[in-house]
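Read through the structure below, which is laid out as structure tokens, and then see the notes.
Owing to the predicted nature of the structure, the values given are computational and were not obtained by experimental measurement. For this chain, numbers begin at 1 and follow the sequence in order.
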Amino acid sequence: MQDLLLSYYGDDLTGSTDVMEALELGGVPTVLFMRQPDDAQLARFAHCRAVGLAGTSRSETSQWMDTHLKDAFAWLKTLEAEICHYKVCSTFDSSPTIGSIGRAIEIGRSVFGQDSVPLVVGAPQLKRYTAFGHLFAAYRDQYHRIDRHPVMSRHPITPMDEADLLIHLSRQTGLASGLLDLATLQSAARSEAFDRLVENGAAIVLVDVDSRETQALAGKELWRTRKPGGYFVVGSSGIEYALLAAWAETAIVHAEPSFSPPGVADRIAVVSGSCSPTTERQIRHAMTDGFDGIEVDPVELVSESFEQAIARATAIGRASLQAGRSVIFYTALGPTADRGAEIDRQEGARHKLGRGLGALLRELTIEQKLKRVAIAGGDTSSHALGQMSVDALTVRMPLPASPGSPLCVAHSSITTIDGLEVALKGGQVGTDRYFSAIRDGLGG
């Protein structure tokens, strides 16, 4: 491959495509692999200047990370990209036991042999902001401190009850940390202050971002402080937007991206494991606009009778698709329908739920020769797409109304999957028309 600007590991699939979209919009050809590729697969995408590896660590234990993240980071290091990014959600939801960002930093710091790891979370493009170390996020056009956010403060697995990100991280790691705050970032002493934090022993340096202007300054620091052989950094896709600003200023990247509209799909199939109120509104809207809604019992889907549950849902979906209608399979309609407490009685059940939805989607895609599908839910997307025999994804077209959730193209050794258009969205992403817009090729 040509000299790589960036390699990355996404802690879930929708987060991984978020990075890919940001890079492609900035003129950086990017491929996202579902698992570590072989030499032949890498050669197929030799033109790319960024390589991603889709992961599931956002929903995994620290013990899982010790094995799987260490191996993933070691492989990414062999690519010798200028920057290696561990991508986390811009809402930073994590805990000491599930999706620990602190543990991921410890592992990456060890693999790359770094004393200090930069951390950038703010991403104005996604309406996420950090100010003096505190995280703020938008919800339905209103802005909230993350510990008062109507959704993320009540996340069923990793509720965000602390807005100060360095305090939040201190619950997950004993590494010392420091903050390059907004005032210092915008001063003439920016670089000196960053270096002083490192010299004084900050193993994690959080850089505030509250605007496109401060984002560009953060990008300058990331690029300035990189080390030969690969530089490990952590954060949201704000990392990419920050770096793109630095690359554009120095003419490292100058290509103008071009995307052609995908057109209308006659039928699409959607699977959703999301309990988000945003997804609930999208499902309800879709069912008034040409979609047949098919409820799938999540408890049955993770039980010993899961094959019967999939077969029953497949039969109902087949009838709708053969009648020319789109279908949407869902395991919940909003947070009040969340049956997580029942599901969690079985270890690994949430992963099994995602895999079950993926198996259902795969069967109907192949049988009905579908050209476009969608998966809703960050954790669901990771495990569902893993059942679809997809080797890699590239961007088909960004969706302006749903930043961070592009329409992708699947690459596979299975003919009926190769070339499939796939939209992957986190629970909070998109307008109420999201699924209808995906079907109609309008953007979400």
Side-chain angles (χ1 to χ4, degrees), residues 8-12 15 55-74 76-77 83-122 130-135 145-147 152-153 155 157-181 184-185 193-209 218 221-222 225-227 229-236 238-239:
Y8 71 95
Y9 178 99
D11 69 350
D12 70 5
T56 61
S57 56
R58 183 181 178 189
S59 59
E60 304 288 1
T61 66
S62 295
Q63 292 73 25
W64 182 96
M65 289 183 175
D66 288 339
T67 299
H68 296 85
L69 268 192
K70 184 177 180 181
D71 290 346
F73 290 162
L76 288 169
K77 191 172 188 294
I83 302 280
C84 180
H85 175 200
Y86 178 67
K87 197 277 179 186
V88 302
C89 183
S90 59
T91 52
F92 217 69
D93 50 304
S94 54
S95 78
T97 56
I98 297 294
S100 173
I101 297 170
R103 184 59 189 141
I105 291 174
E106 292 172 350
I107 296 168
R109 182 171 174 264
S110 173
V111 170
F112 282 81
Q114 283 178 218
D115 292 330
S116 184
V117 175
L119 172 64
V120 175
V121 181
T130 49
F132 297 93
H134 289 70
L135 177 60
R145 205 172 70 183
I146 199 67
D147 58 346
M152 298 316 300
S153 66
H155 191 284
I157 307 300
T158 49
M160 283 298 288
D161 58 2
E162 176 56 67
D164 187 320
L165 295 185
L166 295 185
I167 291 179
H168 183 71
L169 273 178
S170 71
R171 301 168 178 170
Q172 303 175 16
T173 177
L175 292 174
S177 61
L179 171 66
L180 190 63
D181 62 53
T184 308
L185 180 65
F194 187 104
D195 294 343
R196 191 184 310 115
L197 285 169
V198 175
E199 291 165 4
N200 290 341
I204 303 169
V205 176
L206 172 63
V207 183
D208 267 343
V209 168
E221 290 307 302
L222 292 175
T225 55
R226 72 190 191 281
K227 312 294 184 185
Y231 187 41
F232 182 72
V233 303
V234 175
S236 70
I239 292 276

Rounded to the nearest 0.5 Å, how far does [atom2] of [Y] lie from [atom1] of [X]?
| X | Y | atom1 | atom2 | result |
| --- | --- | --- | --- | --- |
| M160 | E162 | CE | CD | 8.0 Å |
| L69 | E60 | CG | CD | 9.0 Å |
| L179 | L165 | CG | CG | 9.5 Å |
| I101 | E106 | CD1 | CD | 12.5 Å |
| M65 | T56 | CE | OG1 | 9.0 Å |
| C89 | H155 | SG | NE2 | 8.0 Å |

Q: For V111 and F232, run side-chain contact (heavy atoms from CB on, under 4.5 Å): C-alpha distance rounded to whole Å, both residues' side-chain angles, the deciding distance at 0.1 Å, then the answer.
A: CA-CA 9 Å; V111 170; F232 182 72; over 6 Å; no
Would you check if [X] and [Y] make a side-chain contact, meaning some heavy-atom pair closer than 4.5 Å?
| X | Y | answer |
| --- | --- | --- |
| F92 | T130 | no |
| H134 | D164 | yes |
| D93 | R58 | yes |
| V207 | F194 | yes |
| I239 | K87 | no |

Has the side chain of [X] got a donor or acceptor atom that lies under 3.5 Å from a matching backbone atom of [Y]?
| X | Y | answer |
| --- | --- | --- |
| D208 | G133 | yes |
| H85 | G235 | yes |
| S62 | P96 | yes |
| S116 | A202 | yes |

Q | Neighbour count above 12 (heavy atom, 6.0 Å) for D115 CG | A |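 No, not enclosed.
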Any idea which heavy atoms bring [X] and [Y] closest together, and the distance?
| X | Y | value |
| --- | --- | --- |
| D147 | A163 | OD1-CB, 3.7 Å |
| L185 | A218 | CD1-N, 4.2 Å |
| L180 | A193 | CD1-CB, 3.8 Å |
| L197 | G178 | CD2-CA, 4.1 Å |
| F112 | G230 | CD2-O, 3.9 Å |

**Q.** I146 and its side chain to side chain contact (heavy atoms under 4.5 Å, CB included) partner, picked from D161, T91, V121
**A.**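 Among the candidates, only T91 passes.
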**Q.** Stepwise side-chain contact (heavy atoms from CB on, under 4.5 Å) test for L169 and L206
**A.** CA-CA 11 Å; L169 273 178; L206 172 63; over 6 Å; no
Q.
Testing D66, T61, T173 one by one against R103 for a side chain to side chain donor-acceptor pair (under 3.5 Å), which residue passes?
A.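 Output: one option passes, namely D66.
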(Q) Restricting to ring-ring contact (aromatic ring centres under 6.0 Å, His included), what partner residues turn up for Y8, sequence neighbours left out? (A)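 For Y8, no residue satisfies ring-ring contact (aromatic ring centres under 6.0 Å, His included) once neighbours in sequence are set aside.
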Q) Parallel, tilted or perpendicular: which fits the ring planes of Y86 and Y9, with parallel below 30° and perpendicular above 60°? A)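 The arrangement is parallel - the two ring planes meet at less than 30°.
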Q: Not counting sequence neighbours, which residues clear side chain to side chain donor-acceptor pair (under 3.5 Å) with H168? List them please.
A: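 Result, side chain to side chain donor-acceptor pair (under 3.5 Å) vs H168: S94, Q172.
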Q. Run the side-chain hydrogen bond (donor to acceptor under 3.5 Å, both in side chains) check on T225 and E221 step by step: do they pass?
A. CA-CA 6 Å; T225 55; E221 290 307 302; 5.8 Å; no
